[in-house]
There are 2 protein chains.
Amino acid sequence: MQLGLSVSDSDVSSFTPLVVLELADDTKAEAITWLLNRIRDKQKNGGAELLVDQLLFPAQDGQKSNPNVFVVGSTLQRLLKGAEDVGLFKEFQDGIMRGFTYANRESFKDFYGDGEGFLSDAECQYIIKHELDTLRAKNEEHVPGYPKVKLYPGKSVVRRLQSKGVLVQYFPLHNKEDLKRLSFSWYKKIKLSFQPLDDIRHYFGEGLALYFGFLEYFTFALVPMALIVFLEVWKRCSATFAYGWGTLSRKKAFEEPRAGFHGALGFNPITGREEPVYPSSKRQLRIYLVSVPFVLLCLYLSFYVMMVYFDMENWAISVYNENPNFGTGILLFVPSIIYAVVIEIMNLLYRYAAEFLTNWENHRLESSFQNHLVLKVLVFNFVNCFASLFYIAFVMQDMVLLRQSLATLLITSQILNQVMEAFLPYWLQRRRNKKVHKRMRRVMGDKELPLLEQVQLETEMNTYLGTFDDYLEQFLLFGYVSLFSCVYPLAAVLVVLNNITEVYSDAFKMCHVFKRPFSEPAANIGVWQLAFETMSIIAVVTNCALIGLSSQVKAYFPESETQMILIVVAIEHVLLAFKFILAFVIPDVPKDIQVKLAKLEFDSLEALKKRKILEAAET
Amino acid sequence: MQLGLSVSDSDVSSFTPLVVLELADDTKAEAITWLLNRIRDKQKNGGAELLVDQLLFPAQDGQKSNPNVFVVGSTLQRLLKGAEDVGLFKEFQDGIMRGFTYANRESFKDFYGDGEGFLSDAECQYIIKHELDTLRAKNEEHVPGYPKVKLYPGKSVVRRLQSKGVLVQYFPLHNKEDLKRLSFSWYKKIKLSFQPLDDIRHYFGEGLALYFGFLEYFTFALVPMALIVFLEVWKRCSATFAYGWGTLSRKKAFEEPRAGFHGALGFNPITGREEPVYPSSKRQLRIYLVSVPFVLLCLYLSFYVMMVYFDMENWAISVYNENPNFGTGILLFVPSIIYAVVIEIMNLLYRYAAEFLTNWENHRLESSFQNHLVLKVLVFNFVNCFASLFYIAFVMQDMVLLRQSLATLLITSQILNQVMEAFLPYWLQRRRNKKVHKRMRRVMGDKELPLLEQVQLETEMNTYLGTFDDYLEQFLLFGYVSLFSCVYPLAAVLVVLNNITEVYSDAFKMCHVFKRPFSEPAANIGVWQLAFETMSIIAVVTNCALIGLSSQVKAYFPESETQMILIVVAIEHVLLAFKFILAFVIPDVPKDIQVKLAKLEFDSLEALKKRKILEAAET
């Protein structure tokens, strides 16, 4: 972070604004005063000790803009102390990643002078988010001015305001200079090099950088079709990244209840603190009596749509056979295209339903919420996208139709995805930008107002909802490529082409379409590693089965089909065993990083011993 | 531990002897003086601060006994401080297991008065072993009197003396009273209850208690043949045990190089200390150019022996067919019995060879040594024991012969095992005991000399080499039961019977045949969990294949063999998928223990925060 860089307009705020807080425009004045005081208050009084200023937008003809927009910043010293609070790992003088401490700050590599530039932009914003999130109620029984927005000692103020709609949103601001530099090196120049992952991580944080790293890695692995080991090697890659970024050995902070979690006040058995509790038996009932039947119903619906598709397909073929010409030839593709579009729509609708249901299940932790959501979505998407292909491959055993359906599904879903994901939001965004720009110009004349304008623009941008959808898309593409790769190897080429444009469109959408997201420290790609590994195991099975069905192989065993099947099954078992042995033999963390981690642990043990000896000497 | 309990003979030593050290009988006097001084020296001078006394055996006619036998003990305070050094976990007042600290000793449950009885016998001896093992050289360049036994600062004195043969052995003493009590509740009374696992753990430590726990659990799981989930549930059981014993959350101490490891002096990249280093490339060469070919050769040999066995079998059948009577009927079983004996002998010989080779590979850590040894031994034993059965089942497809061979192999190996493992050592031990007893009586007349006699007896007992062979035996039994369970379910009954006697004979051999082993803190059964899980996966595959081969199933699909095979393969895949999903869904640690572990972690985070705030307030 470079303090004092982007803001020349000292009339607006006296510090570098990092995060924007938007309160509802009818927020009571006493609540605002109270919140600002708590944010500014000293840490020893339970405040966040951050800098905060109101942004006053000029009055405008007709449209009234929200007066309750605030920018939050911080002194450098406060940020460095916050870095210790959140447990950042940074490179030490000896090349080992160590937990940052303010007291030893001068012994860390790249710490010069007062520490300017030591923390990345994304880290500063993450620290501010953490400090805001952990701003806790003291003895207030409710938010001033809102007797119904109850508080209890230790409750996160920001989360409560957010869940009650008083706090509309808070998000980090873009840094125009850095963004320009990043987008140039990332996608604006035509290049044959890799993506600037370290810069991406610097600007957007580890979670997103790992996604782009995975996307790149996955695409390269597709070129030689080296799918059988690639996930094991990715683990090592990811560990190397995460070590260098300091997230590998970083301990997870104690997980707080998620913002939407509700229940009667009770005592947490772990912390002993008062907080809402919700009986897990009730949650189980909701899961098994509502969510599971709902998912099964959706799966049934998906099968039903599939059967309708096959009817349409048959009808198209019969029309073509009656009167084969160019028009009816094109008609042959129409059912697949319609089906592909319907699949995408069903996936989208189901996604909302799954989110609603998982929310209603009232999980206490964000991680548990995410796991249940991912499971629901993955199962449905897998069935919805691949059921027809499985049916064609193993029930109808029609390899020509399989190839054709696969191609249609793949191409249609790629096109839809790119449109829905990048071009449509971009187009909407552009229209909005122009409007804001024009409105601002009309009010202010030619006077420069970059910060106000920037905040106004970014406030209205769409929120990026995390890497979930991006990973899901890659997961489905991986399915299209791997499940039937021996029948239609061309799918890999299509996916490689898609991913090359995907890098550019994802990069663009991150930089210019969505609000800047808060950094998410991540040491690995989490549950997706498991999802991709499961898919690769299913792919071994389906490919072996497809080989067994192929006519060339059958020709080798003209007299005995049994023998052929047994050989195919044996090969499949050997391949699966090989996969598991590889997973076991290849260490997840490369040797040199293992040594560094061991050194870290050894040092902390030694330090503990020394302290004990000192303490013993004192007493 | 009860201090001052077992020793009434104050003429021999003034403290409760816990561990026996035996030096070579020609050890130089200056080395002995030096070693005793280092053991007695204060901790702040780098000593172990333990109590040590020489045992003077009376001169005997003819046979000279070793004069250099020492007993080591400790004050209670030293033991409690040592408990903190080794990181013991004990139950706190609030029911949570916490790392023991001397300063907070009074807040731990079951700590009364000066703490007598707080530490178990096994723990006291483990602490003494740890303190002896970590007695390090200071500036000595070699052991006094032995210019060739080099030392360097930080080298463990005891390990160097042991690897050079100066220290013959050191082992913990039995506690006669406790042993009497333990053996009564364990195997002397006929009972329908479970084994006294907590008492076993108290006396022998966690590693052995987990073995007996597993043995019991495994035997019970065999009764309903509930094999498909049983390993997952065992993990939870084992976690519950390990939590209560304080080994689940205990951190592993930094692993020192094993005693036999040698190499040129260099620097350890982790500790930065001087120690022997051995290039891992050299080790890899030894493994791939010598060990792997040797194992393959042994496997070939095992196959060759198998083919000889089949020739014998054929010959026996032809003899029986020529002249079928009772004599030739018995002859039918002879080849199997001979083969079973040969298998056991080959396993035994191979075991020595594998140990020699793995030693020669010069692994730095005991854990890596163990892994390589286990892998070598498991692969060979698996092939050696089961190859003939696989051949009969899937190549010859002779289910009658399979059943017969399985029974013969199983019964013969059980009988051999029990004899080799318990009765033979017991018989040898008895003979030796009587001799020592008689000799002692002759010298001392009727004067009571329990400690001297006890040490003399125990010094000459065989050393228990760890749970390796016991687990290996259970592993092979598990193979006999599970691999062909659908053809010969009776195997489970045989193994249950075997295991019931096994509990008794193992318990007896631990109490009376072997030297008492040092306690081995263990949180789980380690690599054996993986071995048993792998076996259970192989078992699913073989059983499905056997079902496919069975004539009843074939009768269901008279017209289409292909369809039958496909259905069997599908069932197999579903079973395997089910196993993996179960492994994923069942949490390895039960919920209530997860909460306790989380509470522990939360408390330590809170304590850290508080300390930081205090420190900040001070400066």
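A, B, ... follow the sequence lines: proteins, then strands. Residue 1 opens every chain.
At a 4.5 Å heavy-atom cutoff, A/Y102 makes no contact with chain B through either its backbone or its side chain. For B/L530, the part lying near chain A is the side chain, with the backbone staying farther off; criterion is any non-hydrogen pair under 4.5 Å.
Contacts of residues 564-573 of chain B with chain A at a heavy-atom distance below 4.5 Å involve B/I565, B/L566, B/V569, B/E572, B/H573, listed in sequence order.
Atom CZ of B/F394 has more than 12 neighbouring heavy atoms from other residues, nucleotides or ligands inside a 6.0 Å radius. Shown here is A/K138, whose NZ atom has more than 12 heavy atoms of other residues, nucleotides or ligands within 6.0 Å.
Applying the salt bridge (charged side-chain N to carboxylate O under 4.0 Å, His left out) definition to pairs two or more places apart or across chains, those involving residues 530-541 of chain A are A/K235-A/E533.
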